[in-house]
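Quick notes on the structure that follows.
Here the structure is a predicted model, which is why all the values come from computation and not from measurement. First the proteins, then the strands, lettered A, B, ... as listed; each starts at 1. The figures that follow rest on heavy atoms only: side chains count, while hydrogens, waters and symmetry mates do not.
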Amino acid sequence: MKIEYSLLKTEKNTKARLGKIKTNYGTYDTPMFMPVGTRATVKSLSKEELKAAHAGIILSNTYHLWLRPGPDVIKNCGGLHKFMSWDGPILTDSGGFQVFSLAKNKEKDITEEGVHFKSHIDGKELFLTPEKSIEIQNKLDSDIAMSFDECPPYPVTYDYMKKSVERTLRWAKRGKAVHNNPNQALFGIVQGGEFQDLREYSCKETVKMNFDGYSIGGTSVGEDKPTMYKMIDDGIRYLPEDKVRYLMGVGDPIDIIEGVIRGVDIFDCVLPTRIARHGQAFTRTGKINLNNAQYKEDLEPIEKECDCYTCKNYSRAYIRHLITTGETLGGRLLSIHNIRFLIKLTEELREAIKNDTILEYRQKFIEKYQTKKEK
RNA sequence: GCGGCGUUGGUGAAGUGGUUAACACGCUGGUUUGUGGCACCAGUAUGCAUGAGUUCGAUCCUCAUACGCCGCC
């Protein structure tokens with residue numbers, strides 16, 4: 001089957017939604033945060049560690065798996081789940097985001113047919129099209145495939161964005177036409193940048209194609225926060241109630257809360273694992289940097305009240321030592337904590353939606369989270 | 001004892017008679033939002049062994065002293 005979304009309730013004072021996603025691997029509550037595992041691995045974490053962090057859906061990336069090991073290898077190994085030994089749902093990104101950053105000459109390389117770019121591995125000339133992206137995702141056998149879209153940088157002119165939105169709609173249609181994996185859902189992506197009418201247009205036209213879920217794309221590409229939140233508002237109001245809404249690439253704790261309040265169901269982001277590898281951890285009182293000298297002999301866990309494996313077993317002093325000496329365990333332990341932090345955040349948001357207290361929750365969370373910054 | 005060479009920041013070091021002493025590491029902060037690149041950005045010697053001299057001006061020239069390395073008796 002494809003995934004099924006059911007809306008359980010909408011919070012009294014906001015658009016925040018409590019829902020369930022039924023997949024072939026079980027049923028999961030939303031709002032949800034999805035850890036990113038670009039190359040068929042959430043960097044440095046085992047599946048047991050992901051399960052212990054209460055991970056539901058995880059991500060993988062079409063571009064990376066296309067290049068290595070190749071979709072046929074994965075298909076011959078029984079599909080992505082079996083290959084990576086993950087018995088939970090997987091969402092694959094279309095590869096568009098990567099390919100656009102690799103396309104050198106935007107005007108020449110991005111054509112109606114697809115995108116020309118060079119492999120980051122050997123510099124080989126490659127060409128990715130909407131059809132190709134969907135075919136690869138079909139072979140990977142993920143549970144949710146994403147349409148191949150253009151994610152323009154910020155800012156671009158209205159004219160450029162208009163053309164881009166129209167092309168993305170044509171690409172969505174082309175991808176949908178070749179999609180033929182009956183076990184795989186296919187999501188459409190709303191674009192339009194910060195232009196309200198283009199968001200509306202992109203949204204309405206994408207919904208007409210009747211996808212299994214919808215994503216808000218083109219955010220967190222350099223715009224300021226109010227603009228980003230407006231982009232969400234401008235698109236989401238035209239999305240159907242009975243389908244999943246996915247805000248792509250967003251993982252700052254405050255942005256997740258703001259997204260949920262605006263009606264977003266699922267999020268993904270590299271932030272928890274990337275900042276972990278650079279020595280930083282999310283905490284209730286803001287982000288901390290374990291490289292800082294103040295943690296040299298700090299025997300406390302990252303957060304006393306956190307229920308993650310890292311906080312139950314290791315001190316800040318030890319993690320700081322691992323990070324400053326470049327030991328890989330440091331990034332691993334921080335990744336475990338950061339992923340659990342964001343998942344726990346969504347668990348609390350679900351509770352707040354149940355109790356219709358999400359506005360209070362936001363206020364308290366932000367107040368505490370920003371205490372350090374204001375000093 | 002005599003002669004030669006050397007002495008620059010936490011470390012390895014570059015360098016010049018004249019406004020801010022290169023670079024690297026380390027250290028101290030910061031950044032990171034559909035992860036090509038596992039990194040990027042910023043700060044970090046009011047001082048060039050010590051003392052005296054030459055000079056308009058010395059870390060750079062001269063002399064002495066101290067310390068270190070090498071050679072000779």
Side-chain angles (χ1 to χ4, degrees), chain A residues 33-44 57-68 91-104 117-124 126 128 133 137 144-154 168 187-191 214-225 227-229 231-232 246-256 258-259 264 266-282 286-296 320 323-326 328 330-331 334-335 338 342 372-373:
Chain A
F33 176 78
M34 308 182 287
V36 177
T38 309
R39 300 190 278 203
T41 165
V42 177
K43 289 188 193 303
S44 83
I57 305 174
I58 64 169
L59 254 75
S60 222
N61 187 277
T62 299
Y63 165 74
H64 291 282
L65 298 180
W66 175 30
L67 263 61
R68 284 192 303 210
L91 182 152
T92 42
D93 189 19
S94 69
F97 194 81
Q98 287 66 45
V99 158
F100 285 105
S101 72
L102 291 167
K104 250 187 170 174
F117 66 98
K118 285 183 179 173
S119 159
H120 76 279
I121 300 168
D122 55 9
K124 206 165 112 188
L126 294 169
L128 189 58
S133 171
Q137 294 184 74
I144 301 171
M146 297 303 301
S147 292
F148 185 75
D149 68 328
E150 181 183 356
C151 180
Y154 177 87
T168 287
F187 280 19
I189 302 175
V190 176
Q191 289 289 350
Y214 296 94
S215 174
I216 295 154
T219 65
S220 58
V221 287
E223 77 281 13
D224 55 32
K225 299 263 182 194
T227 304
M228 174 177 160
Y229 300 151
M231 287 179 181
I232 301 171
Y246 166 27
L247 182 57
M248 303 181 89
V250 167
D252 177 85
I254 291 174
D255 293 344
I256 288 178
E258 296 294 347
V264 175
I266 60 178
F267 303 82
D268 81 283
C269 194
V270 303
L271 209 53
T273 43
R274 181 185 289 166
I275 66 172
R277 275 174 276 123
H278 296 157
Q280 290 179 291
F282 291 126
K287 223 167 48 181
I288 65 170
N289 189 342
L290 273 298
N291 282 296
N292 290 172
Q294 62 172 297
Y295 304 117
K296 205 172 275 179
R320 173 185 142 85
I323 291 293
T324 54
T325 52
T328 53
L334 287 178
S335 290
N338 285 343
L342 293 183
K372 259 189 4 176
K373 281 182 191 165

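Classification of A/Asp252 and A/Lys287 as a salt-bridged pair fails, no side-chain N sitting under 4.0 Å from a carboxylate O.
In terms of modelled atom types and a separation under 3.5 Å, the side chain of A/Ser335 and the main chain of A/Gly331 share a donor-acceptor contact. Listed for the A/Thr168 side chain is a donor-acceptor partner under 3.5 Å among the backbone atoms of A/Glu150. Side chain of A/Glu258 to main chain of A/Tyr229: no donor-acceptor pair is present (N/O by atom type, distance under 3.5 Å, no hydrogens or angles).
Residue A/Thr273 is in base contact, counting any heavy-atom pair closer than 4.0 Å across all strands shown. Among the atoms of the strands shown, none is found under 4.0 Å from any heavy atom of A/Ser215. Base contact: A/Lys43 has a heavy atom under 4.0 Å from a base atom. Among the protein residues, A/Gln191 comes within range of the nucleic acid bases, having at least one heavy atom under 4.0 Å from a base atom. As judged by a 4.0 angstrom heavy-atom cut-off over every strand, A/Asn61 is placed among residues touching the sugar-phosphate backbone only. Contact annotation for A/Gly217: no contact, since no heavy-atom pair falls under 4.0 Å across all strands. No engagement by A/Gly331 is indicated, since no non-hydrogen atom pair under 4.0 Å with the nucleic acid exists. As judged by a 4.0 angstrom heavy-atom cut-off over every strand, A/Leu67 is placed among residues making no nucleic acid contact.
Distances were taken from every side-chain heavy atom of A/Asp255 (C-beta onward) to each of B/G34, B/U33, B/U35; the shortest belongs to B/U33. For A/Lys225, whose side chain is taken as the heavy atoms from C-beta onward, the closest listed nucleotide among B/G34, B/G36, B/U33 is B/U33. Closest approach to the A/Val250 side chain among B/U35, B/U33, B/C38 is made by B/U33 (side chain taken as heavy atoms from C-beta onward).
Nucleotides B/C40 and B/G47 are separated by 31 Å at their C1' atoms, to the nearest Å. Taking atom P in both B/C69 and B/G26, one finds a spacing of 30 Å when rounded to whole Å. Separating the P atom of B/G53 from that of B/C70 is a span of 35 Å, rounded to the nearest Å. Rounded to a whole angstrom, the distance from the P atom of B/A24 to that of B/A45 is 15 Å. Comparing the same atom, P, in B/C60 and in B/U55 gives a spacing of 16 Å after rounding to whole Å. Comparing B/A21 with B/A66, their P atoms are spaced 32 Å from each other, to the whole Å. B/U59 and B/G6 are spaced 15 Å apart, taking the C1' atom of each and rounding to whole Å. Atom P of B/A42 sits at a distance of 11 Å from the matching atom of B/C23, rounded to the whole Å.
Side-chain contact annotation: A/Asp268 with A/Tyr246, donor-acceptor N/O pair under 3.5 Å present. No side-chain N or O of A/Glu223 forms a donor-acceptor pair with one of A/Thr219 less than 3.5 Å apart.
As a whole-Å value, the separation of A/Tyr229 OH from B/U33 P is 14 Å. For the pair A/Met34 CE and B/G34 P, the interatomic distance rounds to 12 Å; values are reported in whole Å. In this entry the distance linking CD1 of A/Ile266 with C1' of B/G34 reads 11 Å, nearest Å. Rounded to whole Å, atom P of B/G34 lies 7 Å from atom CG of A/Asp268. Computed from coordinates, the A/Leu271 CG to B/C38 P distance equals 18 Å when rounded to whole Å. Between the CZ atom of A/Arg274 and the P atom of B/U35 there is a distance of 9 Å, given to the nearest Å. Protein atom CG of A/Asp122 is 17 Å distant from nucleotide atom P of B/G36, rounded to whole Å. Put simply, CD1 on A/Ile144 is 17 Å from P on B/G34, counting in whole angstrom units.
Proximity of A/Ser220 to A/Val250: side-chain heavy atoms (C-beta onward) are separated by under 4.5 Å at one or more points.
Ring-to-base geometry places A/His278 in a stacked arrangement with B/A39 (centre distance under 5.5 Å, plane angle under 30°).
Atom CE of A/Met146 is separated from atom OG of A/Ser133 by 10.0 Å, given to the nearest 0.5 angstrom. A distance of 8.0 Å separates CD1 in A/Ile288 from CG in A/Leu334, rounded to the nearest 0.5 Å.
For B/U35, the OP1/OP2 oxygens have a side-chain nitrogen or oxygen of A/Gln98 closer than 4.0 Å. At least one side-chain nitrogen or oxygen of A/Asn289 sits closer than 4.0 Å to the OP1 or OP2 atom of B/G30.
With sequence neighbours left out, A/Ser119 forms a side-chain contact (heavy atoms from CB on, under 4.5 Å) with A/Leu67, A/Ile121, A/Asp122, A/Lys124, A/Leu126.
Contact detail for A/Ala40 and A/Ser60: the closest heavy-atom pair is N-OG, 3.1 Å.
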- prompt: What would the secondary structure line of RNA chain B be in dot-bracket form, counting Watson-Crick and G-U wobble pairs under 3.5 Å, with [ ] for pairs that cross earlier ones and | for pairs with another strand?
  reply: (((((((..(((.....[....)))((((((.......))))))....(((((..]....)))))))))))).
I'd like a list of close polar pairs between nucleotides 25-28 of chain B and the protein, N/O only, cut-off under 3.5 Å.
none

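The distance between the ring centers of A/Phe100 and A/Tyr63 does not fall below 6.0 angstrom.
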